[in-house]
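A quick write-up on the structure given underneath.
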There are 2 protein chains.
Amino acid sequence: MRIGELATKTGVSVRALRYYEEQGLLAATRSSGGQRHYLDDAVDRVYLIQMLYAAGLSSRTILDLLPCVDAKVNTPQSRAMLRAERDRIDRQITQLRQARERLDEVIALSESPANGCTRSDTDAARA
Amino acid sequence: MRIGELATKTGVSVRALRYYEEQGLLAATRSSGGQRHYLDDAVDRVYLIQMLYAAGLSSRTILDLLPCVDAKVNTPQSRAMLRAERDRIDRQITQLRQARERLDEVIALSESPANGCTRSDTDAARA
DNA sequence: CTCGCCTCTCACGTCAACGTCAGGTTTTAC
DNA sequence: GTAAAACCTGACGTTGACGTGAGAGGCGAG
């Protein structure tokens, strides 16, 4: 498939796909006219890349991790890297949970009837 | 206290503190010579700001939320905003957990004895 | 009073992951 | 064969949360 189709299938922009290739994250063959062609599994690869981006990893880190995910590389170093990133994500989740708890406290306070919240207020906000 | 002390106490740079003030997140009184002075509770305020930044909120969103946290504002709109941000954090946590699971799978594979991992490899990586 | 450190206000630099526009080529549909 | 749609390669723009000087002024110790 060509880049436009991959873009619509994955919901990622054409520009982003070209950027992924530039970063070495996504390979493509070229037609005689120079257009990129992708295999079907490129869709999953793009999803994976997006997932890792969403987890706060940088292009560089993803580039380092992908060979491990592809199971092409399996060294003590690569496993250490994998664990390091997993731990980083764990710490980030912990931070997010703390922020969430803090927000929940504020929400509980602001919604407690003792604090000026009327039934109609709540209902209006829900609408 | 002055800005340098607040910076060392919170671990945040002086530049960042000035930026927070510029964004309306952190108030300070001024000495006759124009220097910023902070009360002790500014430390907690900075921690809170940092927590919300870490949760992926923008300066603008934090600016909107702080009056709610201070319980100075309590409208249906403000409560809706609080819930919206909490839900956004929840979704982000979910995404992070998915990424973490994915990484865990890869780690499990790379560490399975069937995949070329020897005991010494693991021990070396742990050191 | 002066030395040294802290602080002040501009104001430009940075970095990542793209967005966007320009100008030209390839592919597809008819 | 031709027009439209999709694609190509640069290359500059964007955004947020600061970093990093430059040059000038404030402030406590001796």
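To find a chain, count down the sequence lines: A is the first, B the second, and so on, and within it residues start at 1.
- For the OP1/OP2 pair of C:dA17 and a distance below 4.0 Å, the side-chain nitrogens and oxygens of A:Ser58 include no atom meeting the criterion.
- For the pair B:Met1 CE and D:dC27 C1', the computed distance is 18 Å after rounding to whole Å.
- Taking 4.0 angstrom as the limit, B:Ser13 places a side-chain polar atom (N or O) nearer than this to OP1 or OP2 of D:dG19.
- Residue A:Tyr20 is grouped with residue A:Val14 when hydrophobic side chains (ILVMFWY) are merged at heavy-atom distances under 4.5 angstrom, including chains of intermediate members.
- One atom, CG of A:Leu17, and another, C1' of C:dA17, lie 13 Å apart when rounded to the nearest Å.
- Checked by atom type, the side-chain pair B:Thr29/B:Tyr38 shows no donor-acceptor distance below 3.5 Å.
- Counting only heavy atoms from C-beta on, A:Tyr19 has its side chain closest to C:dC18 among C:dT9, C:dC18, D:dC7.
- The CZ atom of A:Arg60 sits 12 Å away from the P atom of C:dA17 (whole-angstrom rounding).
- For A:Arg15 and D:dT14, the CZ to C1' distance is 12 Å, given to the nearest whole Å.
- With rounding to whole Å, B:Arg18 atom CZ is found 15 Å from D:dA17 atom C1'.
- By the neighbour-count criterion of 12 heavy atoms within 6.0 Å, atom CG of A:Asp40 is sparsely surrounded, having that number or fewer from other residues, nucleotides or ligands.
- Screening A:Val106, A:Asp104, A:Leu109 against B:Leu82 for a side-chain contact (heavy atoms from CB on, under 4.5 Å) leaves a single residue, A:Val106.
- Checking B:Gln95 against B:Arg91 by side-chain atom types alone, no donor-acceptor pair falls below 3.5 Å.
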Polar atoms only, N or O, under 3.5 Å: list the protein pairs with nucleotides 2-5 of chain C and their distances.
none

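- Distance from the side chain of A:Ala16 is smallest for C:dC18 among the nucleotides C:dA17, C:dT9, C:dC18.
- At least one side-chain nitrogen or oxygen of B:Tyr20 sits closer than 4.0 Å to the OP1 or OP2 atom of D:dC18.
- Of the candidate nucleotides C:dG19, C:dA17, D:dA17, D:dA17 has the atom nearest to the side chain of B:Ser59.
- Using modelled atom types and a 3.5 Å distance limit, the side chains of A:Arg2 and A:Gln35 yield a donor-acceptor pair.
- For the segment residues 32-53 of chain B, residues with any heavy atom less than 4.0 angstrom from an atom of DNA chain C are, sorted by number, B:Gly34, B:Gln35, B:Arg36.
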